[in-house]
Every structure is written in C-alpha cells, then in structure tokens.
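The basis for the numbers below is simple: all heavy atoms, side chains too, and nothing from hydrogens, waters or symmetry mates. Chain letters run A, B, ... following the sequence lines, proteins first, then strands; residues in each count from 1.
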Number of protein chains: 2
Amino acid sequence: MFRFGYDVVMSSVTPAARPLRRDAERNRLRILEAAREVYADRGLTAGFDEIARVAGVGVGTVYRRFPDRADLVEALFDQQVDDVVARVEAAADHEDAWEGLCAFARWGVQTQAADRGLAQVLSSAGHGHDRVAAGRDRIEPAVRALVRRAQQAGALRPDVTELDLGMTVAMISRIGGVADQDLRERFLTLALDGLAVRRDGPSALPARRPSQHDLGCVAELARPAR
Amino acid sequence: MFRFGYDVVMSSVTPAARPLRRDAERNRLRILEAAREVYADRGLTAGFDEIARVAGVGVGTVYRRFPDRADLVEALFDQQVDDVVARVEAAADHEDAWEGLCAFARWGVQTQAADRGLAQVLSSAGHGHDRVAAGRDRIEPAVRALVRRAQQAGALRPDVTELDLGMTVAMISRIGGVADQDLRERFLTLALDGLAVRRDGPSALPARRPSQHDLGCVAELARPAR
DNA sequence: ACCGAAACGGAACAGCCTTTCCACTTCCAC
DNA sequence: GTGGAAGTGGAAAGGCTGTTCCGTTTCGGT
C-alpha cells in the first residue's frame, strides 16, 4: 500500500520544510520539554511511556514524531553541546591554567549530576546521530587543549590525558543525589589534589562526609541490561 | 491443610539439623557454586533462572532451597566476609601504616571488580540477613582503625573517614572490565595521591590510559530500576 | 460549513522476568 | 523390593516494559 502523508521527523528543535500542523507542533514541543526533564533525572534509559505521561500526550504520538530514541536525543542535546564547548573555551581563557581546569571540572561534575542524560550523551558514543557525534568531536579537542595548557603551566601532572579528566568527572558526578553537591565537591577536591603535580598540604575539604547510604548507592551502580 | 515435611532453608554453607536427602544436598551445592559465579560477574540483580541454568537444575529447585535472594546471599558471602576482615587486619599489621592502607585499597579494588556481588554485599546495606549485617559490622571498625593508624602516622589526610576510602574503592572498582586491572590501578594511584597528606611529585602511573570506550562504560552506570 | 488528510490516544500485542504449581521421579527406611 | 515422603523440572500464570496499530478527533484549505 502506498502512503501519502507519512510523518516527517524533525531532527532539530527548529522545524524545517513542510511544517507540522499546529497541534502537532505544539505536542512536539511538549514532548521535547518532557523528554528533557525525564532524561535529566532518569537518564536515557527512561521509556517513551513516561515521557508521554509527563508531556500529557499518548505514547503513539511520541513514537510517531520520534521513531526512536536517537531522534529525540539528537533534537534535545544539540544545543546543550554548544554550552559545553563554550564552557571549555571560557575555562581555557582563565588567567590561571590550573584554576581554569578546576572550574571546568567542578562545573562538569555538577552539570552531569543534574542531568544524567546529558552525561550519557557527552561521554558515551552511540547515543543520538551525527549531530551529537559532531558535538562530541568539538568538545574533545577543546578539553585536550585545556589539559595541555595546565600541563605546560606545570600544574597538572604530565602523564594524564583528557580522558583521565573525563572519567574522573563522570565518576564523581554519579555520587549522591541531586542535592548532594557538597559531597561531590568533596570528592572532586580529593581527585584534583591527586591530579596536581605537587602540593604542600591538603586542600580544604567540604565538611559533608559520605554516609553508609552514599556508599551503598555507589555500590549498586550497574550497567543497564541493554 | 497441614503440611509435614516443609522445606528447611539452610542459612549457611554447612548444613544443619535434619539433613537433606543426598540428591537435594548435591543440588544445593551446585546452586551455591553457580550463584557465586553468576553473582560475581553480573551482580546480585541476576535472576534465579540464570543461576538455575548454570547449575543445571530447574528454577523450581532453586526457589525451594532458597525462597528469596537474601537466603542465597547469606549462605554465599558469610565466609568471604571473613576473608575481608583477615585482609584488613593483615593491612593493619603492615610496618608502614600508609603502605598497609594502600595495599588494602588495591586488594579491595581488584577484589570488588572481580566480584560484583561481593562488592554489593560489602558496601550496601539490605542484602542478605543478619549474618551478612554482622559481617559488615566487623569490617567497618577494622577499616576505621586502619584509617586512623595512617592518619596518626601523618600520611593520610586527617579530614577523611573510612567511608571516604570505601567510596573511593567502590567507585574505582567499577572502572573497566575484569581484565582491566592496570586501568583501575592507574585511577587508584591518582586517588591515593589525593588522599595523602603531602607528596613532592606524582607517583608513577600504570601506562594503560583510559579510552573513549572506558569513559562510555562509566557514563552508562546507573541505579538499577529495583 | 464541509471534507479529506493529519494527528491523536490508548488498547492490544509481544517479549522478558519472576514466581508458583503440580505431575512425575528419586531416595531411603523398612 | 516396596511405599510414601522428599525432591524435581519445566510449563504456566502473572507482572512489567516497549512498540504497533487503528478507530476517532482535530485541523485547515476551500
């Protein structure tokens, strides 16, 4: 059977070519908003049913507009990637190379803790499509430059790479709940002390100590079944 | 209806009181062995069906012997907890307090990486029953003593607790696959450099650097749905 | 105001785990 | 060897999640 009027998938937040019907466009925006919220606190494994519920539309509507998760991810994170690049570049402009690096790491930890979906998109290949991949390819060299600069300034140990920094930030961002910024700050401070070439004494640590429960949460982290 | 001959659950590896029939005992041991294997590489979320398959028995048999996961966990990890206590105590006897702490951390990271189930039982409350809980209660003060000793020796920063150490070990144990010991070693070295009171230069780092893929794996770690 | 295309919602389906149940087999005390 | 309790395997029931499909509603051009 021949189909006219098949559904067109928009791959960006700004609609293109043949415009959607007004109600459809409204729903599309609602879905994107809902998806941002849901992905931020549950991660990209959240189901379309939950996004549909939050958006106040039927599941079918979500599936029609975004046939699979990658389409939705692509539409959502495009612009957030720009933010990250801007941050790295700002950090690279910091007068003190080491301070710039620390500031970026701090921002990265808290940002990724507040938005699990973003964390996944940034660090792990195979979410989204080419636009997302292109975004990652812009971020990587920028972070590498940041790392190099701190190394040339003699502050960051010369034997680590931008991926060491990325792993450290990614791991620490998984600590605690949304509100536990000070706990993450604590561990980041320790980690940065480890990444510095040398220091005379320990940096001041946020007072919030880990609890048994915090430890339990870390121990339960697992790779999703897929 | 009145039931005689209800199934008795053994809560330890060594059977007690009314003995099982010979075939039942054989199966029970097979199940424990299979469970150890499965829990070690998939973690405690693995299903009874998989354990049954590996043990070569029907699911029903597993359920009859161990009505729920906690019973199985209790039977399995009792003795492993003893190993941990022995290790902490050995570490506490090390002539150099700092070296003892490092050795214990190294052992902890690799052990927990090789056995996800053990990692969960050790760090997170609410697996198993009282025997497991009692085991945790023996480990905690032993680690605390280890930490104190290293602090009194002026080697470990005074503002961290045994839980800081536990979290660090737990997180690093989640890095990489079973075979990536050197990668975990790398991150542990960095972390320990951060936990030391002072050092003049960076410690030598294992050459194995993290890859994009390693970063991706970390970013995908999530709390299981429960 | 009307009509056909576009879009909608959610029930229905399919796959996957977990748990229960029972007809059949194995063991062992006599 | 035999009787009956103990133990077994796997099919079936139930719950959960992800995806498709189609009868109904909404939109917008005429």
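- Nucleotide D/dA5 holds its C1' atom 14 Å from the CG atom of B/Leu20, rounded to whole Å.
- The interatomic distance linking B/Asp23 (CG) with D/dA5 (C1') rounds to 12 Å, in whole Å.
- Rounded to whole Å, the distance from CD1 on A/Ile31 to P on C/dA7 is 12 Å.
- When rounded to the nearest whole Å, the span between CZ of A/Arg65 and C1' of C/dG9 equals 14 Å.
- Put simply, A/Thr61 has no side-chain N or O that comes within less than 4.0 Å of OP1 or OP2 on C/dA7.
- We find that B/Arg116 and B/Asp41 are not joined by a salt bridge, their nearest charged nitrogen and carboxylate oxygen being 4.0 Å or further apart.
- Protein atom CZ of A/Phe66 is 16 Å distant from nucleotide atom P of D/dT20, rounded to whole Å.
- Distance, A/Ile51 CD1 to D/dT19 C1': 14 Å, rounded to whole Å.
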Using the 3.5 Å cut-off, write out each protein N or O paired with an N or O of nucleotides 22-25 of chain C and the distance between them.
none

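- Enclosure of atom CZ in A/Arg148 is not indicated, since only 12 or fewer non-hydrogen atoms of other residues, nucleotides or ligands lie within 6.0 angstrom.
- When the C1' atom of C/dC16 is taken as reference, atom CZ of B/Arg53 falls 14 Å away, rounded to whole Å.
- In this structure, the salt bridge (Lys or Arg N to Asp or Glu O under 4.0 Å) partners of A/Arg186, at least two apart in sequence or on a different chain, are B/Asp164.
- Look at A/Arg28 and A/Glu25 and you find a salt bridge, because one of the NZ, NE, NH1 or NH2 atoms lies within 4.0 Å of a carboxylate O, short of that distance.
- Between B/Arg22 and D/dG7 there is no side-chain polar atom (N or O) within less than 4.0 angstrom of OP1 or OP2.
- For the pair B/Asn27 and D/dT8, the criterion of a side-chain N or O lying under 4.0 Å from OP1 or OP2 is met.
- Formation of a donor-acceptor pair under 3.5 Å by the B/Thr111 side chain with backbone atoms of B/Trp107 is found in this model.
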5' to 3', nucleotides 11-18 of chain D under a 4.0 Å protein heavy-atom cut-off (B base, S sugar-phosphate only, - none) gives -------S

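- A/Asp193 pairs by the salt bridge (Lys or Arg N to Asp or Glu O under 4.0 Å) definition with A/Arg199, B/Arg157, not counting sequence neighbours.
- Partners of A/Arg21 according to the salt bridge (Lys or Arg N to Asp or Glu O under 4.0 Å) rule, which considers only residues two or more places apart in sequence or in another chain, are A/Asp23.
- For residues 42-59 of chain A, the pairs satisfying salt bridge (charged side-chain N to carboxylate O under 4.0 Å, His left out) are A/Arg42-A/Glu50, with sequence neighbours left out.
- For A/Arg26 and C/dA6, the CZ to P distance is 18 Å, given to the nearest whole Å.
- Using the six-membered ring where Trp is involved, B/Tyr39 and B/Phe77 have ring planes that are parallel, under 30° apart on the 30 and 60° scheme.
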